[in-house]
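Encoded as structure tokens, the structure appears first; notes follow it.
Lettering of chains follows the sequences in order, A, B, ..., and the numbering in each one begins at 1.
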There are 2 protein chains.
Amino acid sequence: METTWEKQLRTAGLRVTRPRLSVLGVLAEHPHVDADTIATAARTVHPSISPQAVYGVLKALIGSGIARRIEPAGGPALYELRVGDNHHHHLVCRECGLIADVDCVVGQAPCLQPSDAAGFAVDEAEVVFWGLCAGCQVARRTHVHGTNSAIEEGVTA
Amino acid sequence: METTWEKQLRTAGLRVTRPRLSVLGVLAEHPHVDADTIATAARTVHPSISPQAVYGVLKALIGSGIARRIEPAGGPALYELRVGDNHHHHLVCRECGLIADVDCVVGQAPCLQPSDAAGFAVDEAEVVFWGLCAGCQVARRTHVHGTNSAIEEGVTA
DNA sequence: CCTGCTTTTTTGACTCAGTCAAATCAAGAG
DNA sequence: CTCTTGATTTGACTGAGTCAAAAAAGCAGG
């Protein structure tokens with residue numbers, strides 16, 4: 001497994017270093033993490049890693065397409081490994097920040113091409129679905145006695 | 001025109017104040033502005049307005065649905081007036097940050113509902129189209145002599 | 001196995017966007 | 001006009017991330 005990462009790094013023309021391997025290890029275990037969590041987790045494997053090194057590693061990984069950066073509104077940036085070419089989108093929980101992956105909707109849904117592109121040369125469509133994760137729906141029904149009609153009426157796009 | 005804003009504020013249960021009216025004025029003139037630009041522009045009308053007042057006003061406007069906040073990756077948050085109910089999405093230029101509105105794709109495109117919602121109760125789908133605006137396409141062709149094949153091959157969603 | 005060049009990492013200062021809390025001030029109800 | 005409540009100002013502070021110089025480590029050639 002570790003050999004795979006080494007190969008990936010070398011293929012990308014990057015040197016194989018301890019900080020890089022430990023960051024890759026963290027990314028492989030946690031699907032969507034912020035830089036600070038990566039630093040903390042990586043420190044269990046490589047105690048001397050500095051926060052800036054994490055940013056540096058992530059920048060290198062992103063630059064060579066090994067990792068991807070997503071920036072949900074209202075929170076720090078999150079990083080994920082890009083395994084293969086499976087481009088996907090994200091479901092974000094408004095309450096707890098939990099993120100789930102959703103398969104790319106293009107294919108069944110070529111409608112993502114904007115109808116009027118206003119002269120733009122569009123090269124990527126980014127979709128974020130906002131809502132409540134299963135756990136937070138339960139928590140809300142338990143503690144609050146209001147309705148959650150707004151949530152369940154459907155999607156506003 | 002100003003009376004309209006006063007009415008909107010009062011309807012929302014908000015007091016009509018000079019900072020609020022000047023921020024509304026700026027928002028009406030500029031479709032997508034960041035907080036700092038709003039502060040600078042508002043100062044031409046109301047010189048003593050503080051940056052924090054701008055944040056306060058925006059928070060109030062957003063809380064009552066008069067304005068909307070968007071947070072494109074890699075830049076400060078932008079604010080726009082929400083006229084009527086026309087929910088729309090955004091085209092963002094990778095080069096210059098220019099933003100254009102795109103009509104909501106739901107209606108012709110009910111496919112925005114994720115196929116597998118992983119137990120989430122989804123209440124909003126947010127779409128951002130990334131690319132190059134017309135101006136930056138011209139600028140790039142003029143100054144760089146490489147290809148821009150990646151850009152024009154189509155949308156990756 | 002060394003040597004030396006180059007890329008990474010470390011260290012530490014710094015920026016930018018935004019928040020928080022206490023004190024002052026103004027809107028507008030009565 | 002006065003009083004109460006809500007809004008703004010002032011000023012300190014946080015969190016996320018960048019930048020640059022110095023130290024350290026990777027790895028290619030001998």
Any donor and acceptor pair, going by atom type alone, linking the side chain of Glu71(B) with main-chain N or O of Gly74(A) inside 3.5 Å?
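Yes; at least one donor-acceptor contact below 3.5 Å.
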Donor-acceptor under 3.5 Å (Glu95(B) side chain, Leu132(B) main chain):
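Here the side-chain-to-backbone pair does not exist.
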Does Arg18(A) reach a base, just sugar-phosphate, or nothing at all? Heavy atoms under 4.0 Å.
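Nothing: the residue Arg18(A), judged by heavy atoms under 4.0 Å, touches no strand.
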Does Ala77(B) reach a base, just sugar-phosphate, or nothing at all? Heavy atoms under 4.0 Å.
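Contact class for Ala77(B): sugar-phosphate only.
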Along DNA chain C (nearest heavy atom to each residue), the more 5'-positioned of Pro76(B) and Arg10(B):
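Whichever sits nearer the 5' end wins; that is Pro76(B).
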His88(B) side chain to Glu80(B) side chain, donor-acceptor N/O pair below 3.5 angstrom
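Yes, Glu80(B) and His88(B) have a side-chain donor paired with an acceptor closer than 3.5 Å.
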Just the rounded figure in Å: distance from [atom2] of [N] to [atom1] of [X].
X	N	atom1	atom2	value
His46(A)	dT10(C)	NE2	C1'	10 Å
Ile38(B)	dT8(D)	CD1	P	14 Å
Ile70(A)	dA16(D)	CD1	P	15 Å
Leu21(B)	dT8(D)	CG	P	10 Å
Gln52(B)	dA22(C)	CD	C1'	13 Å
Leu58(B)	dA7(D)	CG	C1'	14 Å
Ile49(B)	dT10(D)	CD1	P	12 Å
Leu14(B)	dA27(C)	CG	P	14 Å

Please list all pairs meeting ring pair (Phe, Tyr, Trp, His ring centres under 6.0 Å) that have one or both residues in residues 15-45 of chain B, counting only residues at least two apart or in different chains.
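Every pair satisfying ring pair (Phe, Tyr, Trp, His ring centres under 6.0 Å) with a residue in residues 15-45 of chain B: His32(B)-His90(B).
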[N] OP1/OP2 closer than 4.0 Å to side-chain N/O of [X]:
X	N	result
Arg15(A)	dA25(D)	no
Thr17(A)	dT9(C)	yes
Arg69(A)	dG17(D)	yes
Ser48(B)	dT9(D)	yes

Which value, rounded to the nearest 0.5 Å, describes the distance between Ser48(A) atom OG and Arg18(A) atom CZ?
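Spacing of OG (Ser48(A)) from CZ (Arg18(A)) equals 7.5 Å.
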